[in-house]
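This one's a predicted model, so the numbers in the text were calculated from it and none came from an experiment. Labels below follow one simple rule: chain letters A, B, ... track the order of the sequence lines, proteins then strands, and each chain is numbered from 1.
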Amino acid sequence: MGCIEEMKYEILLSQCSFKDAREYIKKNCKETVEVPPGYRIFNVHLIGVPPLLVGIDGDKVIFPYTKPCYGTFVLRIEGDEEIPKLRAKR
Amino acid sequence: MERSGDAASEARSGKRRSLILLGCPEVPVQTSIALYLAFRLRERGDEVVVAGTGAALKLTKLADPQGHYLGETMNIDRCIAMISEGKTDFDECFAFAHSDAGITYAGTISYISRSELFLLIFGRGAEELEKTVEFDCRKLAAKAVHDPMPLKKLIDEVI
């Protein structure tokens with residue numbers, strides 16, 4: 001874990017609830033994929049309660065990232081390798 | 001004390017395996033209740049694993065320097081990864097939550113683990129937080145911040 005912090009990421013929503021993060025992704029991403037809790041992306045296992053949505057926007061992946069002491073963030077990261085894997089889940 | 005927790009180290013001894021999942025330790029009752037809960041579970045004969053943030057584990061380990069109560073410990077995200085990858089699992093999980101993040105971690109456990117989930121909800125906003133739980137678990141909720149006794153009472157009822 002922790003690799004995300006070393007990547008080039010943008011924070012779209014900061015220290016929100018998981019529900020707010022889910023709503024943000026639903027509202028702002030034209031393409032979304034539902035993944036199971038614990039889904040591995042960028043070498044981390046996603047924390048979340050279904051429906052756990054991950055958005056795809058061009059070559060970027062938008063997803064909720066929960067930290068125990070700081071709440072949930074919505075992050076956008078370039079996802080060349082992750083996007084085909086996500087699309088294959090549909 | 002901390003072990004990697006790989007599958008080989010978990011050769012089942014016939015004991016019930018219980019996980020204590022600690023969230024952010026900013027509410028004082030968490031550390032005290034975690035040690036008490038570990039004591040009760042070990043007294044019952046369980047094999048106990050405590051997972052938490054670095055700070056949560058540091059607080060509990062310092063309070064139990066000879067490891068009388070804690071047993072194995074591991075980072076919370078490593079624990080989630082190991083359960084997700086099928087490398088470990090538990091019979092029971094006691095998840096601590098005083099924030100939305102704590103509820104979200106517990107919710108993740110409810111989907112990735114086969115364990116029976118007990119959710120300890122505490123802190124000033126315990127009542128409101130309890131209403132946000134949308135997954136299957138047994139809720140133990142008390143508006144406890146400094147006084148651990150309401151949570152102790154709830155734990156004593158289920159162990």
Side-chain angles (χ1 to χ4, degrees), chain A residues 1-7 9 11-26 32-55 61-75 77 81-82 85-86 88-89, chain B residues 5 21-27 30 34 51-59 74-89 93 95-115 117 119 123 125 128-129 131-137:
Chain A
M1 295 296 286
C3 295
I4 280 182
E5 276 107 22
E6 290 158 23
M7 296 179 79
Y9 61 84
I11 298 174
L12 303 180
L13 211 57
S14 187
Q15 294 181 295
C16 60
S17 68
F18 178 78
K19 213 170 182 175
D20 290 341
R22 180 200 286 148
E23 285 307 309
Y24 180 91
I25 292 167
K26 200 191 264 181
T32 58
V33 178
E34 187 177 337
V35 299
Y39 178 76
R40 188 174 174 158
I41 188 168
F42 300 118
N43 217 23
V44 300
H45 291 266
L46 291 185
I47 303 300
V49 181
L52 204 176
L53 299 179
V54 175
V61 175
I62 297 164
F63 61 98
Y65 184 57
T66 302
K67 301 288 287 174
C69 295
Y70 301 102
T72 300
F73 298 78
V74 176
L75 302 182
I77 297 183
E81 288 176 20
E82 298 294 346
K85 284 191 252 170
L86 285 166
K89 287 203 77 65
Chain B
L21 194 76
L22 301 177
C24 173
E26 72 175 342
V27 178
Q30 178 173 279
T53 62
L57 293 180
K58 207 180 275 182
L59 282 161
M74 68 168 77
N75 173 273
I76 188 168
D77 287 318
R78 179 170 168 72
C79 179
I80 295 283
M82 288 184 66
I83 297 173
S84 297
E85 291 168 4
K87 291 179 180 167
T88 193
D89 207 352
C93 172
F96 285 63
H98 65 82
S99 66
D100 182 76
I103 298 288
T104 307
Y105 269 84
T108 305
I109 288 284
S110 83
Y111 284 93
I112 63 174
S113 169
R114 62 169 174 77
S115 62
L117 177 60
L119 178 55
E128 292 71 31
L129 208 53
K131 292 176 197 157
T132 69
V133 178
E134 295 172 337
F135 48 86
D136 193 29
C137 65

Worksheet item: Can you name the side-chain hydrogen bond (donor to acceptor under 3.5 Å, both in side chains) partners of A:Ser17, sequence neighbours left out?
Response: A:Asp20
Discussion item. A:Tyr39: which residues meet the ring-ring contact (aromatic ring centres under 6.0 Å, His included) condition with it, sequence neighbours left out?
Written reply: none
Worksheet item: Taking all non-hydrogen atoms of both residues, which atom of A:Cys16 and which atom of B:Asp100 are closest, and how far apart?
Response: O-OD2, 4.4 Å
Practice prompt. Looking only at non-hydrogen atoms, find the nearest pair between B:Thr108 and A:Pro37 and report the distance.
Written response: CG2-CB, 4.0 Å
Worksheet entry | Straight-line distance of A:Ile47 CD1 to B:Ile109 CD1, nearest 0.5 Å | 8.0 Å
Discussion item. Counting C-beta onward and ignoring hydrogens, is there a side-chain heavy-atom pair between B:Tyr111 and A:Pro36 closer than 4.5 Å?
Written reply: no
Discussion item. To check you understand the geometry: which heavy-atom pair defines the closest contact between B:Ala101 and A:Lys67, and what is its length?
Written reply: CB-O, 3.6 Å
Worksheet, complete the sentence: The interface call for A:Leu46 against chain B, heavy-atom contacts under 4.5 Å, is backbone
Response to the item:
Taken to the nearest 0.5 Å, the spacing of A:Arg40 CZ from B:Glu85 CD works out to 5.5 Å
Discussion item. With a sphere of 6.0 Å drawn around CD of B:Glu128, does it hold more than 12 non-hydrogen atoms of other residues, nucleotides or ligands?
Written reply: yes
Response to the item:
Cut-off 4.5 Å, heavy atoms of chain A, and the answer for B:Thr53 is side chain
Worksheet item: What distance separates B:Ile103 CD1 from A:Lys19 NZ, expressed to the nearest 0.5 Å?
Response: 12.0 Å
